[in-house]
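Pasting in a structure now, in structure tokens, and then I'll have a few things to ask.
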There are 2 protein chains.
Amino acid sequence: MTDRVRVLLADDEHLIRGALAALLALEDDLAVVAEAASGPEALAMAAAHRPDVAVLDLQMPGLDGLEVAAELRHRLPECRVMIVTGHGRPGYLKRALEVGVRGFLPKTVSASDLAGIIRTVRAGGRYVDPELAAEAISAGDSPLTPRETDVLELAADGSSVAEIAERAALSPGTVRNYLSSAAGKLGAENRHAAVRIAREHGWL
Amino acid sequence: MTDRVRVLLADDEHLIRGALAALLALEDDLAVVAEAASGPEALAMAAAHRPDVAVLDLQMPGLDGLEVAAELRHRLPECRVMIVTGHGRPGYLKRALEVGVRGFLPKTVSASDLAGIIRTVRAGGRYVDPELAAEAISAGDSPLTPRETDVLELAADGSSVAEIAERAALSPGTVRNYLSSAAGKLGAENRHAAVRIAREHGWL
DNA sequence: ACGGGCCGATGACATTTGTCACCGCCGACC
DNA sequence: GGTCGGCGGTGACAAATGTCATCGGCCCGT
């Protein structure tokens with residue numbers, strides 16, 4: 001038998017991370033060699049312990065799971081990356097695949113499933129939760145241009161057009177044009193509904 | 001020694017719930033006698049197994065943790081209730097205490113802490129995470145009147161004043177008055193920023 | 001009995017936002 | 001070389017929103 005699969009576990013919730021580590025430790029072909037509670041810490045631990053598989057939570061302080069995945073791809077190309085997420089918004093899946101993530105699953109899977117998927121990924125396979133995949137396909141790509149997305153993002157906290165314009169270094173009129181266009185593409189009545197819709201699709 | 005503490009575990013994320021159950025099973029004075037993945041299921045399991053302590057996740061499908069806690073208080077008064085939450089917005093803590101919750105903690109606690117807190121609560125004690133408590137105190141009570149809160153809630157998805165008025169069975173002018181007043185009290189530039197602020201404080 | 005607060009409403013007004021047409025500049029693609 | 005799409009901008013107009021004063025009704029506390 002080969003060496004055990006070396007796993008890095010990153011999740012900001014100690015309770016979850018600890019519990020997960022304990023569960024995975026029960027599998028005798030898996031070894032949790034590092035744990036991290038934040039994005040930057042995950043990168044540091046990965047560099048130090050060179051795991052075979054990194055299991056990353058999507059929402060973490062500092063860098064989120066996707067950003068960590070993107071970094072790992074460059075710094076540690078031989079390390080396979082999996083993302084685990086609580087509420088799976090479709091857009092994230094697409095972005096995850098773009099940065100080379102091999103596994104994408106919701107936290108509703110069972111522990112034994114998780115262990116199995118870790119083995120699959122370790123062996124070079126991929127796994128995407130069927131339900132999340134279906135959502136992603138039905139949601140499709142964002143119809144927004146990069147700039148529209150930027151501006152919508154700046155509008156997300158309820159700022160006025162003037163504030164958005166200043167933060168984006170644009171003219172207020174241009175900002176309104178982008179917002180109007182974005183709302184139109186998303187079928188929203190106004191920019192705030194547009195923000196909500198874009199969020200739901202993971203386009204924000 | 002008395003019987004072991006009978007624990008009900010409710011969390012919609014199988015992975016977490018299973019992992020937690022496994023961890024708690026390692027404590028020889030605790031016994032996880034029931035698990036649930038939704039609010040209604042938690043109530044049913046509680047009725048069937050009459051646990052000593054119910055550990056509820058705050059966000060669950062169907063009924064959320066607070067609603068379950070409120071129901072349990074009536075149906076199973078001798079059952080102590082604890083709430084575990086990922087992102088702890090202050091207002092929830094206050095509402096939790098109002099419905100008789102004995103423990104309120106973030107998922108960043110360690111498993112051994114959780115076990116200890118379960119024992120504390122079982123013995124009639126209380127536990128509130130210090131950080132969440134501090135936030136709750138500094139956040140204080142909502143300055144909004146009940147009606148203002150209603151209307152702000154209806155505004156939360158980006159609806160227009162006309163839609164809100166219809167859904168609330170109010171005149172559009174009245175809706176604008178409430179929104180303006182709410183935004184003023186919250187120090188917001190407009191209702192959308194007001195929604196964000198109220199959300200952050202757990203007042204929504 | 002009175003004041004105060006919340007509720008619901010109206011009217012008026014200023015400001016913000018949404019929408020549209022149209023402009024020039026670029027870079028990509030055919 | 002021409003076309004198309006994204007980017008950034010202007011101007012104008014209509015619609016939605018925010019703000020304020022003011023009203024009446026109601027209930028609660030003193």
Side-chain angles (χ1 to χ4, degrees), chain A residues 91 94-95 98 139-204, chain B residues 91 94-95 98 139-204:
Chain A
K94 184 167 189 302
R95 278 192 271 161
E98 280 165 5
D141 279 10
S142 171
L144 305 177
T145 69
R147 220 66 185 106
E148 283 165 359
T149 306
D150 288 349
V151 173
L152 203 54
E153 212 154 334
L154 290 172
D157 62 348
S159 304
S160 68
V161 168
E163 284 173 313
I164 298 169
E166 197 178 354
R167 282 194 279 163
L170 286 177
S171 129
T174 303
V175 168
R176 285 194 292 169
N177 286 341
Y178 281 142
L179 290 175
S180 177
S181 148
K185 287 179 182 176
L186 297 177
E189 295 286 321
N190 55 51
R191 60 208 165 100
H192 307 288
V195 165
R196 185 178 50 77
I197 292 171
R199 279 245 168 84
E200 282 168 5
H201 289 286
W203 293 335
L204 200 65
Chain B
K94 184 167 189 302
R95 278 193 272 162
E98 279 166 6
D141 279 8
S142 170
L144 305 177
T145 70
R147 219 69 183 102
E148 284 165 357
T149 307
D150 289 348
V151 174
L152 204 55
E153 213 154 334
L154 290 172
D157 62 349
S159 305
S160 68
V161 169
E163 285 173 313
I164 297 169
E166 197 178 353
R167 283 194 278 164
L170 286 177
S171 128
T174 303
V175 169
R176 286 194 293 167
N177 286 340
Y178 281 141
L179 289 176
S180 177
S181 147
K185 286 179 181 175
L186 297 178
E189 293 288 321
N190 56 49
R191 62 208 161 102
H192 306 287
V195 165
R196 187 179 48 76
I197 293 172
R199 278 245 168 84
E200 282 168 4
H201 286 65
W203 292 334
L204 198 64

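We name chains A, B, ... by the order of the sequence lines, and we start the count at 1 in each one.
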- Between dC7(D) atom P and Leu179(A) atom CG, what is the distance in whole Å? 13 Å

- Note on the structure: Whole-Å distance, Asp150(A) CG to dG8(D) C1', equals 14 Å

- Classify the side chain of Arg147(A) versus the base of dG6(D) as yes if they form a donor-acceptor pair under 3.5 Å and no if they do not. no

- dT16(C) C1' sits how many Å from Arg191(B) CZ, rounded? 11 Å

- Note on the structure: Scanning both residues in full, the closest heavy-atom pair of Gly158(B) with His192(A) reads CA-CB, 4.1 Å

- d(CG, Leu170(B); P, dC6(C)) in whole Å: 16 Å

- Ranking dG6(D), dC20(C), dT10(C) by distance to the side chain of Asn177(A), first place goes to dC20(C)

- Task: Take Ala169(B) and Arg176(B), find for each the nucleotide of DNA chain C with the closest heavy atom, and name the residue whose nucleotide sits nearer the 5' end.
- Result: Ala169(B)

- Task: Let me know the distance between NZ of Lys185(A) and P of dG5(D), rounded to the nearest Å.
- Result: 11 Å

- Message: Quick check: closest heavy atoms across Leu152(A) and Ala198(A), and the distance to 0.1 Å?
- Response: CD2-CB, 3.9 Å

- Query: If you take all heavy atoms of Ala165(A) and Val175(A), which pair is closest and at what distance?
  - Reply: CA-CG2, 3.6 Å

- Rounded distance in Å - CD (Glu189(A)) to P (dA16(D)): 9 Å

- Query: Which atom names give the shortest non-hydrogen contact between Pro172(B) and Val161(B), and what distance separates them?
  - Reply: O-CG1, 3.6 Å

- Message: When you measure from the side-chain N and O atoms of Ser180(B) to the phosphate of dT19(D), is any distance below 4.0 Å, counting only OP1 and OP2?
- Response: yes

- Message: Nearest whole Å is fine: how far is dG18(D) C1' from Asn190(A) CG?
- Response: 15 Å

- Item | Length of the OH-P vector between Tyr178(B) and dC6(C), whole Å | 10 Å

- Message: At 4.0 Å (heavy atoms only), tell me whether Thr145(A) reaches a base, stays on the sugar-phosphate, or touches nothing.
- Response: sugar-phosphate

- Task: To the nearest 10°, let me know how far the axis at one end of the helix from dA1(C)-dT30(D) to dC30(C)-dG1(D) is tilted from the axis at the other, five pairs an end.
- Result: 40°

- Item | Nearest-neighbour nucleotide for the Thr174(B) side chain, dT17(C), dT17(D), dT10(C) considered | dT10(C)

- Task: List the atom of Trp203(A), the atom of Asp141(A), and the distance in Å for their closest heavy-atom pair.
- Result: CZ2-O, 3.4 Å

- Within a reach of under 6.0 Å around CD of Glu166(B), are more than 12 heavy atoms found that belong to other residues, nucleotides or ligands? no

- Between atom CD1 of Ile164(A) and atom CG of Leu154(A), what is the distance when rounded to the nearest 0.5 Å? 6.5 Å

